[in-house]
Every structure is written in C-alpha cells, then in structure tokens.
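This report concerns only the one structure given below.
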Amino acid sequence: MEVKTISMDDFIHQPGRSMYQVYDFVFNDLLSEETKITRSKTYEQSYLQQRESHHEMNNHITYGKFGDTAALIEYLRGEPVFGPPLTKIEALLDEILYEESVGMERMIAHAFSHGH
C-alpha cells in the first residue's frame with residue numbers, strides 16, 4: 001500500500017497543484033495528463049470562488065458544511081474514490097494504535113511485577 005501526504009497549507013495555498021498530485025497519485029496512468037490538469041484547474045477555480053465568498057462573509061470555507069463529524073466520517077467512507085483507501089488507512093491506524101496500547105500495557109505490567 002502506498003500513502004501520499006499533502007499538507008493542508010499546500011492544499012489551501014496551491015489547490016490546483018495539490019489536486020493534481022491527488023489525481024496523479026490515485027489514478028496514475030488511468031487518467032490522461034490533460035484530464036488531470038483540466039480537473040485540477042476546475043477544482044482550483046471552484047475552491048477559490050468558494051473561499052472568496054466565505055471570506056466576504058467572514059467565515060472559514062468549511063463553515064456550516066458539516067456540523068456533525070460523524071456525518072462527515074460516514075460521507076468520506078461512502079465516497080467512491082477516496083472511501084476505500086481511507087477505510088484501509090483507518091483500519092491500519094487502528095491496528096497500530098491497538099498494538100502500541102497492548103505493548104504499553106505489557107511494559108507497565110512488567111515494570112510493576114519487578115518492583116520498578
């Protein structure tokens with residue numbers, strides 16, 4: 001499994017370039033360069049328009065979109081392109097956190113059993 005990280009700062013300040021990176025990573029050769037560029041520019045224009053309209057109202061661009069975090073999580077899980085990889089990443093992170101917590105519990109138990 002490959003994982004791509006893009007900072008929120010990059011997504012905010014370079015939305016078209018960041019979206020191109022997402023398309024290129026997710027779809028690789030399944031989308032033509034022209035399609036990736038066109039869709040990235042379309043996304044950038046849409047994002048900048050939304051950001052400007054929210055700026056005029058003194059609101060963050062995400063204001064009012066998802067007041068319910070659980071609804072956002074369910075939406076992302078059901079999103080056809082990003083849902084399956086995000087679900088796999090979530091499961092992997094849950095597994096890592098579980099293994100770390102079990103390891104920590106064993107370490108604490110070991111320390112107490114030896115009088116430390």
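Checking Y20 against Q14 by side-chain atom types alone, no donor-acceptor pair falls below 3.5 Å.
Annotation for Y98: hydrophobic cluster partners, listed by chain and number, are V102 (ILVMFWY side-chain heavy atoms under 4.5 Å, direct or chained).
Residues Y23 and M8 do not share a hydrophobic cluster, clusters being chains of Ile/Leu/Val/Met/Phe/Trp/Tyr side chains in contact below 4.5 Å. At a threshold of 4.5 Å between side-chain heavy atoms, the hydrophobic network of Ile, Leu, Val, Met, Phe, Trp and Tyr places L92 and I89 in two separate groups. Cluster membership check: Y43 shares its hydrophobic cluster with F25, using side-chain heavy-atom separations under 4.5 Å among Ile, Leu, Val, Met, Phe, Trp and Tyr. Criterion: ILVMFWY side-chain heavy atoms under 4.5 Å apart, direct or through other members. Under it, L86 and V22 are part of a common hydrophobic cluster. Residues V26 and I6 are members of one and the same hydrophobic cluster, defined by side-chain heavy-atom contacts under 4.5 angstrom among Ile, Leu, Val, Met, Phe, Trp and Tyr.
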**OP:** Check step by step if side chain to side chain contact (heavy atoms under 4.5 Å, CB included) holds for L31 and R39.
**Re:** CA-CA 10 Å; L31 288 180; R39 289 186 179 182; 4.2 Å; yes

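In this structure, P15 and L48 approach most closely via the heavy-atom pair CG-CD2, 4.3 Å. Residues S40 and G16 come closest through the heavy atom pair CB-O, 3.4 Å.
Rounding to the nearest 0.5 Å gives a distance of 11.5 Å between CG of D24 and CZ of R17. Of the inter-residue distances, the one linking E95 atom CD with L97 atom CG reads 10.5 Å to the nearest 0.5 angstrom. The line from OG1 of T38 to CD of E33 is 10.5 Å long, rounded to the nearest 0.5 Å.
Around atom CZ of R77, more than 12 heavy atoms belonging to other residues, nucleotides or ligands sit under 6.0 Å away.
With contacts defined as side-chain heavy-atom distances shorter than 4.5 Å, the pair E100/I96 qualifies. Considering only heavy atoms from C-beta on, Y47 comes within 4.5 Å of I12 through its side chain.
The backbone N or O of T42 sits nowhere less than 3.5 Å from a side-chain atom of S46 that would complete a donor-acceptor pair. No side-chain donor-acceptor contact under 3.5 Å links K36 to the backbone of Q21.
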